[in-house]
Amino acid sequence: MKKILVIGACGQIGSELTPALRKIYGNNNVVAADCLYPLKGELVDSGPSCKIDATQIEDIATTVKQYNIDTIYNLAAILSAKAEANPMLGWEVGVGAVLNCLEVAREFHCQLFTPSSIGAFGTGTPPDNTPQDTIQRPKTIYGVTKVTGELLSDYYFKRFGVDTRSVRYPGLISNITLPGGGTTDYAVDIYYSAIRNGKFTCPLRQGTFMDMMYMPDALRAAIDIMEADSTKLIHRNSFNVTAMSFDPEMIATEIKKHIPNFTMDYQIDELRQGIADSWPNSMDDSCARAEWDWKPDYDLVSMTEDMITVLREKLL
Ligand code: NAD
Ligand code: AKB
């Protein structure tokens, strides 16, 4: 049985990935860690937890030794818009934490998952059907850290044999923990606003297409790639994965099918708009499909149905 450490367990992904991993590998075999401490709720009640500041290598090494960890999910992050407000912090967490995890993984022979993002693309990247292997010249500090993380992870695999694996997540939509300050956050906020107020002010322009994915698919991607047969992996860091591509009008139209009086207006956030414009409209994830059988379950229609059902129960 794996002994897993999740760093950044309180975030949008970690708060759902940790319970999902505990269900598969056993509650006591999955340690939840975050720099936000004490952790709360299910993360503490259903298994071991501790404080880790991932920019401090000793914090990670001590926990790995204490719990005999053999698998690390490193989810510590400062997302795209938030990192633009504090590039130094973006770099310290986006690269410092990755390098620390890689070093600990090398020393203690751990498998390591560090997500990349559509943010790893930018100027010169083909925006439609973006290939797996293509130009990566991001214009955000977040993107610079993601490309660096991909390169470092491949380096540690080739140079030291560390079993590093990763996916380039698109914008993730979920209903447990709100997103942490990214460019794709609007696609979560719109559901909360629709249920609470019946209206939404969109920070991105009509016609801004980006890849997106519902959280259950994102969790499965993280678990499946770590379980994939390594002999079949041609790529490692990182695989394009996507489930859908839409613009604000398309998601609003889908929501209106459930909330007919829903209305949306626009107030453009130029920072986020500039970032979104530099990211792909839609990615080609055929390498993930071929090398480890990646296939999403949810599209815009089924995700919206589920989001609205869950949020109605949660918020009303
Ligand atoms: P999030 O912002 O919701 O959560 C990040 C967590 O990391 C937070 O709980 C935060 O407290 C913790 N953290 C920050 N600095 C830390 C440190 N120094 N030490 C320990 N913990 C620290 O992020 P998320 O959305 O859960 O993202 C997780 C990973 O997935 C990141 O690598 C992110 O870039 C990537 N990703 C996320 C999305 C998305 O839409 N959510 C999309 C693409 C990629
Ligand atoms: C962000 O918008 O910063 C994240 C991401 C796509 O990496 N959601």
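Note that ligands are numbered from 1 as they come in the structure, with each ligand's atoms numbered from 1 the same way. What you see is a predicted model, and the numbers here were worked out from it, not measured in a lab.
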- Item | Heavy atoms of other groups near K314 NZ, more than 12 under 6.0 Å | yes

Return a table of N or O atom pairs, ligand 1 on one side and protein on the other, at distances under 3.5 Å, rounded to 0.1 Å.
unit_1   : atom_1 : unit_2 : atom_2 : d
ligand 1 : 3 (O)  : Q12    : N      : 2.8
ligand 1 : 9 (O)  : G11    : N      : 3.1
ligand 1 : 9 (O)  : D34    : OD2    : 2.7
ligand 1 : 11 (O) : D34    : OD1    : 2.7
ligand 1 : 18 (N) : D53    : OD1    : 3.0
ligand 1 : 19 (N) : I52    : O      : 3.4
ligand 1 : 19 (N) : A54    : N      : 2.8
ligand 1 : 21 (N) : C35    : N      : 3.4
ligand 1 : 26 (O) : Q12    : N      : 3.2
ligand 1 : 26 (O) : I13    : N      : 2.9
ligand 1 : 32 (O) : K146   : NZ     : 2.9
ligand 1 : 34 (O) : Y142   : OH     : 2.6
ligand 1 : 34 (O) : K146   : NZ     : 2.9
ligand 1 : 40 (O) : L172   : N      : 2.9
ligand 1 : 41 (N) : Q12    : OE1    : 2.8

- Those residues that, when tested against E249, pass salt bridge (charged side-chain N to carboxylate O under 4.0 Å, His left out) (two or more places apart): none

- Can you find an N/O atom of S80 closer than 3.5 Å to an N/O atom of ligand 2? yes

- Query: Among all protein non-hydrogen atoms, which one is nearest to atom 8 (N) of ligand 2, and what is the separation to 0.1 Å?
  - Reply: T184 OG1, 2.8 Å

- Have Q273 and T208 got a donor and an acceptor in their side chains that come within less than 3.5 Å? yes

- Test side chain to side chain contact (heavy atoms under 4.5 Å, CB included) applied to I4 and L21, I72, V31, the passing residue: L21

- Task: Look at atom CD of Q267 and say whether more than 12 heavy atoms of other residues, nucleotides or ligands are closer to it than 6.0 Å.
- Result: no

- Task: Provide the full list of side-chain hydrogen bond (donor to acceptor under 3.5 Å, both in side chains) pairs with a residue in residues 16-34, sequence neighbours left out, each pair given once.
- Result: K3-N29, R22-S46, Y25-E227

- Message: Please determine whether a side-chain nitrogen of the Lys or Arg among E150 and R168 lies less than 4.0 Å from a carboxylate oxygen of the Asp or Glu.
- Response: yes

- Item | Per-atom contacts, ligand 2 versus T183 - under 4.0 Å to a heavy atom | 1 (C), 2 (O), 3 (O)

- salt bridge (charged side-chain N to carboxylate O under 4.0 Å, His left out) contacts touching residues 116-140 (sequence neighbours left out): none

- Tell me which protein heavy atom sits closest to atom 5 (C) of ligand 2, plus the residue, atom name and distance to 0.1 Å. S117 OG, 3.5 Å

- Item | D211 and S245: side chain donor to acceptor below 3.5 Å | no

- W279 N/O under 3.5 Å from ligand 2 N/O: no

- Message: Would Y169 count as being in polar contact with ligand 2, using the rule that some N or O on each side must be under 3.5 angstrom apart?
- Response: no

- Going by the 4.0 angstrom heavy-atom rule, the piece of I275 near ligand 2 is neither

